[in-house]
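Below you'll find the structure, written out as structure tokens, and then a few comments.
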Amino acid sequence: MELEQILAKQFGYTAFRPGQKEVIEAILEGKDVIALLPTGMGKSLCYQLPGYILQKPVLIVSPLLSLMQDQVEELKRFGEKRVVALNSFLTVSEKRYVLHFLEQFRFIFTSPEMLLQQQVQDKLSQMQLGLIVVDEAHCISQWGFDFRPDYLRIGQWFSQANRPPVLALSATATNKVVNDIRDTLSLDSPFEFLYNVDRSNIHLGRVVFEDREDKVHWIIQHIKETAGPGILYMSSRKRAEQYSEVLIQAGIRAAAYHAGIGAEDRQFIQQQFIDGELDWIVATNAFGMGINKSDIRQVIHETMPANVENYMQEIGRAGRDGHPALAILLYCDSDVELAKFVVTGDLPTSGHVDRYQELLNQQIQPSQMLKNGELSETAFRVLDYWLQQETMEQVKVRLNHLALEKYRAVNEMEKISRTKDCIRKQLVGYFGQELLKKPENCCENCGINYDEINKARLKEEKKIEMIPWKSRLKQLLMGF
DNA sequence: CGAATTACACTTAAGTGTAATTCGGTGCCTTAAT
């Protein structure tokens, strides 16, 4: 059967989107593939469709439990029953059952941590997989080195002989990220598909402040006068809470979102935002991955993100529907030092390496450091990982290098934040691409007619307000 | 690391100067004790 026929029969689409066919063909030829496609451009089809051609299971490594759940549900909506999320949501007996019948599933979603468990490894070693997918593969680069070391360990598992082709999917396309993916997963001269990173319908605004506190008034004023839905990114949980409170006081339908909020509430807030019952999410960088909402009109950064990759991912959540959207970066000089601290604050230090060794010499479990509160759990896991790979001296150099690398990334973001040149050109350039055409209302430095954009967006907002029949129906039923 | 806030010491008692304290992101998984 032709690929197009399967596309129509299984998924009900009439044509491929850019990149999908090339990527799928390469997979079917048995090649490793790195596909960098913008979010919302049908990345998941790149492994879903091969799942119906390859006669063996497809294993998808995913960074978030919520993402796995979403994708399982999506496949079920397409009528697929042989799909499972192998993760900590399963009870012990469910997990035993799933593992026992693992080869029966067509799509198996799992986390790096779960994938590396001995029982899972044992089972997989007896199976023949058709394809391994690493979804949101930039997590290898973004999280592997200093946050979730199991993202690096999966590479060691991949390096074994007799593995099926690997498909790495991401929307973040710097050379460093691509190199980290290729090296860590030991990909064999992969086929690389890179999509244009520029998003011409997102206007890149910037406002410079002398003092961080001056931003408060600007934000309240701006959000009152312009249309959502929008995301306001903050640099800390506490400030996210404070700002959401202030916006609510000002009559805005807003909610805070960060990792300190329980999973259930987070799910609820996210759903309310998607359903249009909330206009603004005031969030840390915990918010966004896997969010499927096409009509986000604004993304505001109260503080500069810690690197350009994050900035790009975060603003990229706006305007997926192709209509005009606004990204505004609020910058002040003190943001730079704050970002530097935040991104290196939880890294282990050479002092911790010495202490680890000292405890070992005294025949004490190094994990004692956790109980004393000398080190966070994350930092300990990272330290433990590297000491398994390298000597003490190498680890010290490594940690030092990691911190410098993070500082460098902050400086790159600072450079783009402060540039007097075209912001879009700088941004696209950072991803190793050239800006072919400047859109109208390109960026702060090229000139943005805010009034025009806001008027257009407010008009659109009014149009939309006629539509939500669900809430109107609810009102009618409740008798108003 | 650094800024902002609070605590405290000092001395013709209410303000000044300095020291101490506090705060800062991202997620898997597990398991013991409620």
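As the structure is a computational prediction, the values presented were derived from the model and not from experiment. A, B, ... follow the sequence lines: proteins, then strands. Residue 1 opens every chain.
Out of B/dC28, B/dC23, B/dT26, the shortest distance to the side chain of A/Glu113 is found at B/dC28. When each of B/dG24, B/dC28, B/dG2 is scored by its nearest atom to the side-chain atoms of A/Leu64, the top-ranked nucleotide is B/dC28. Relative to the side chain of A/Arg148, the nucleotides B/dG27, B/dT26, B/dC29 differ in distance, and B/dG27 lies closest. Closest contact between the side chain of A/Phe147 and the listed nucleotides B/dG25, B/dC23, B/dG27 involves B/dG27. Nearest nucleotide to the side chain of A/Ser236, out of B/dG24, B/dT26, B/dC28: B/dG24. Which of B/dG25, B/dC29, B/dG24 sits closest to the side chain of A/Leu338 comes down to B/dG24. Distance from the side chain of A/Leu65 is smallest for B/dC29 among the nucleotides B/dC29, B/dG27, B/dC1. Taking every side-chain heavy atom of A/Val342 into account, B/dG24 is the closest of B/dC1, B/dG24, B/dG27.
Within 4.0 Å of A/Arg266, counting heavy atoms only, lie sugar-phosphate atoms of the nucleic acid but no base atom. Across all strands, A/Pro63 comes closer than 4.0 Å only to sugar-phosphate atoms, never to a base (heavy-atom distances). Note on A/Asp150: nothing from the nucleic acid sits closer than 4.0 angstrom, heavy atoms only. Counting any heavy atom pair closer than 4.0 Å across all strands shown, A/Arg239 reaches no nucleic acid atom. No engagement by A/Ser334 is indicated, since no non-hydrogen atom pair under 4.0 Å with the nucleic acid exists.
The distance from atom CD of A/Glu377 to atom P of B/dC29 is 14 Å, rounded to the nearest whole Å. Between the P atom of B/dG27 and the CD atom of A/Gln69 lies a distance of 16 Å, rounded to the nearest Å. A/Glu241 places its CD atom 11 Å from the P atom of B/dG24, with the value rounded to the nearest Å. When the C1' atom of B/dC29 is taken as reference, atom CG of A/Leu115 falls 14 Å away, rounded to whole Å.
Counting only N and O atoms by type, the side chains of A/Asp150 and A/Tyr385 include no donor and acceptor under 3.5 Å apart.
Here the options are A/Val342, A/Asp146, A/Asn307, the test is side-chain contact (heavy atoms from CB on, under 4.5 Å), and the partner is A/Lys406; only A/Asp146 passes. Each of A/Val133, A/Val83, A/Val61 was evaluated against A/Phe109; a single residue qualifies, A/Val83, per the side-chain contact (heavy atoms from CB on, under 4.5 Å) test.
Side-chain atoms of A/Arg148 come within 3.5 Å of backbone N or O of A/Pro63 as a donor-acceptor pair.
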Just the table, please: protein N/O against nucleotides 30-34 of chain B N/O, every pair under 3.5 Å.
| residue | atom | partner | partner atom | Å |
| --- | --- | --- | --- | --- |
| B/dT30 | OP1 | A/Lys95 | NZ | 3.4 |
| B/dT30 | OP1 | A/Gln117 | NE2 | 2.9 |

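In summary, the aromatic rings of A/Tyr97 and A/Phe101 are positioned with their centroids under 6.0 Å apart.
Put simply, A/Ser111 has a side-chain N or O that comes within less than 4.0 Å of OP1 or OP2 on B/dC29. An OP1 or OP2 oxygen of B/dC23 is reached within less than 4.0 angstrom by no side-chain nitrogen or oxygen of A/Arg237.
Salt bridge absent: A/Glu73 and A/Lys76 never bring a charged side-chain N and a carboxylate O closer than 4.0 Å.
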